[in-house]
Amino acid sequence: MNKQKHQICTKTIMDTTDPKIIFNEAGESDYYTNYIENIKPNWHTDERGYKELMKTADKIIKEGKGKEFDCIIGLSGGLDSSYVAYVAKEIMGLRPLLYHVDAGWNTDKAVGNIEKLVNGLGVHLYTDVINWEEMKDLQLAFLKSQIVDQDLPQDYAFFSSLYKFAKKNKIKYVLTGGNYSTECCREPEEWGGFPGIDKTLVKDIHGKFGTRALKTFPLVDILSYKIYYKYVLGMQVFKPLNLVPYIKKEAEDLLEQKFGWERFQHKHHESRFTRFYEDYWMPRKFGFEKRKAHFSSLILTGQMTREEALERVSKPELSDDFLEKEFEYVAHKLDLSVEEFQKIFKGENKTFHDYKSKINLIGFGAKAMMKLGLEKRLFR
């Protein structure tokens, strides 16, 4: 944990649990100043954004002629991916393939939302079901590694599976729900924000704590999709939500009214493991609250007041009784007794720096992208 005196940003609720946070004389953090100086002036959701959106749509449609699908969208059933599916089909006029990866942790609400969107939009869905024994083994290895970044196995499965499918089927355009509106304040590495899919990290952790070979588990290393997929295969990642007005509550209302889509209590609650990890494991074991970044993004974009955020983050998102039951559920699903899971939970905390990784190379690339203006969020 960070030893410096606790300080909280006067404009957001980001604080010194990010040990690299910087404050100016007014007590404003670099998350706030970066948003004001780098993101806001270059973020256009007005007519300029719409023109760029439709220009890209025309390009995708033109290049996709004669193909069954002109783009692919990873769909979790959560808000961001659901809304980008709506924008792609109803505003951009595209023919997307919705792609869902079932890693074993879907909530019933997420499954229902996916079905409602597919039927309501009249589009096709492809679902890749990850081998549960391999998924479980990798998740257990990461838990035993004691690092903060416990959602990496799911994230790796989601993105690697999609990239592999797109490559195999020669789908050039990948549309994502990444956006400034709800994500302009990126979680720091210390909070489990490890950047990118790193095979080196996976191999080291799984080699130390895994028990079975990952024969079918999809893994596409960051160097592959950042360099080979992009510059050799021509695959492009596009974020439509940065070019349209995207207000969280308004998007939820629209999806609810049009499709019967159901909203979640908080970001990432479509995954039962992610909900448990962010609401129980990380704050209780490591003292980190991702809600601080989530709410700070909403503060910066005018969707939440700082007072509302401070009040909400002052108490758990979910009740102790509910979270204790989730602890038991996750333990049993991973074939552990509650006592065995408690032993892991109480183990000595570590970071990914205790294992082999490409973080220096990835960090160099991230800084280069920031200097070139290709990445405007703080990336550290």
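Basis for what follows: all heavy atoms, side chains included, without hydrogens, waters or symmetry-related copies.
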I'd like to know if the side chain of [X] and the backbone of [Y] have a donor-acceptor N/O pair within less than 3.5 Å.
X	Y	answer
Tyr163	Leu219	no
Asn34	Tyr31	no
Asn169	Ile171	no
Glu340	Ser337	yes
Ser296	Ile13	yes
Ser145	Phe142	yes
His332	Glu328	yes
Asp137	Arg212	yes
Lys11	Glu28	no
Ser357	His353	no

### Task
Measure up the Trp132 and Trp105 rings against each other and bin them: parallel (under 30°), tilted (30 to 60°), perpendicular (over 60°).
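Trp132 and Trp105: perpendicular rings.
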Where do [X] and [Y] come nearest, in terms of heavy atoms and distance?
X	Y	answer
Gly64	Arg95	O-NH2, 2.9 Å
Ala88	Ile73	CB-CD1, 3.7 Å
Leu117	Phe259	CD2-CD1, 3.8 Å
Gly74	Ser81	O-CB, 3.3 Å
Gly192	Lys290	O-NZ, 4.0 Å
Phe217	Tyr156	CE2-CB, 4.4 Å

If you group Ile, Leu, Val, Met, Phe, Trp and Tyr by side-chain heavy-atom gaps below 4.5 Å, do [X] and [Y] land in one group?
X	Y	result
Ile36	Ile39	yes
Val232	Ile197	yes
Leu361	Tyr228	yes
Tyr246	Val237	no
Phe159	Val84	no

Quick one, [X] and [Y] - any side-chain contact, counting heavy atoms below 4.5 Å?
X	Y	value
Lys172	Gln236	yes
Phe165	Leu97	yes
Ile359	Asp198	no
Glu63	Asp70	no
Phe322	Asp279	no
Leu243	Phe238	yes
Leu143	Leu334	yes
Gln139	Phe273	yes

### Task
Check the side chains of Asn106 and His100 for a donor-acceptor pair under 3.5 angstrom, ignoring hydrogens and angles.
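His100 vs Asn106: donor-acceptor pair found between side chains.
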### Message
I'd like to know whether Arg284 forms a salt bridge (charged side-chain N to carboxylate O under 4.0 Å, His left out) with Asp320, so could you lay out the CA-CA distance, the side-chain angles of the two residues, the decisive distance to 0.1 Å, and finally the verdict.
### Response
CA-CA 11 Å; Arg284 297 192 187 196; Asp320 285 348; 3.0 Å; yes
Any chance the rings of [X] and [Y] have centres within less than 6.0 Å?
X	Y	value
Phe341	Trp281	yes
Phe295	His266	yes
Phe345	Tyr280	yes

If you draw a 6.0 Å radius around [atom1] in [X], do more than 12 non-hydrogen atoms from other residues or ligands fall strictly inside?
X	atom1	value
Asp108	CG	no
Tyr355	OH	yes
Glu115	CD	no
Lys208	NZ	yes
Lys333	NZ	yes

### Task
Provide the full list of ring-ring contact (aromatic ring centres under 6.0 Å, His included) pairs with a residue in residues 58-80, sequence neighbours left out, each pair given once.
Phe69-His124
### Query
Which residue pairs pass the ring-ring contact (aromatic ring centres under 6.0 Å, His included) test when at least one of the two sits in residues 33-63, sequence neighbours left out?
Trp43-Tyr180
### Query
For Lys350, what residues pass the side chain to side chain donor-acceptor pair (under 3.5 Å) criterion, not counting sequence neighbours?
none
Could you tell me whether [X] and [Y] make a salt bridge, using a distance below 4.0 angstrom between a side-chain N and a carboxylate O?
X	Y	answer
Arg186	Asp18	no
Lys215	Glu134	no
Arg312	Glu289	no
Glu317	Arg275	no
Lys20	Asp30	no

### Task
Apply the test side chain to side chain donor-acceptor pair (under 3.5 Å) to residues Thr182 and Gln303: give CA-CA distance (whole Å), side-chain angles for both, the deciding distance (0.1 Å), then the verdict.
CA-CA 9 Å; Thr182 66; Gln303 301 178 67; over 6 Å; no
### Query
Run the side chain to side chain donor-acceptor pair (under 3.5 Å) check on Ser161 and Tyr99 step by step: do they pass?
CA-CA 9 Å; Ser161 174; Tyr99 192 89; 2.7 Å; yes
#### Entry: Residues Tyr32, Asn24; criterion side chain to side chain donor-acceptor pair (under 3.5 Å); working and verdict
CA-CA 10 Å; Tyr32 171 75; Asn24 61 21; over 6 Å; no
### Query
By salt bridge (Lys or Arg N to Asp or Glu O under 4.0 Å), which residues pair with Lys167, not counting sequence neighbours?
none
### Task
Apply the side chain to side chain contact (heavy atoms under 4.5 Å, CB included) test between Lys292 and each candidate in Asp15, Thr12, Ile8; give the one that qualifies.
Asp15
### Summary
In Asp128, Val101, Asp102, the residue satisfying side chain to side chain contact (heavy atoms under 4.5 Å, CB included) with Phe158 is Val101
Just list the side-chain donor-acceptor pairs under 3.5 Å for residues 54-61, sequence neighbours left out, or say none.
from: Thr56; atom 1: OG1; to: Glu52; atom 2: O; distance (Å): 3.0

Return all side-chain donor-acceptor pairs below 3.5 angstrom for residues 247-254, not counting sequence neighbours, or 'none' if the list is empty.
from: Lys248; atom 1: NZ; to: Glu252; atom 2: OE2; distance (Å): 3.2
from: Lys249; atom 1: NZ; to: Asp253; atom 2: OD2; distance (Å): 3.0
from: Glu252; atom 1: OE1; to: Arg263; atom 2: NH1; distance (Å): 3.2
from: Asp253; atom 1: OD1; to: Arg263; atom 2: NH1; distance (Å): 3.4
from: Asp253; atom 1: OD1; to: Arg263; atom 2: NH2; distance (Å): 2.7

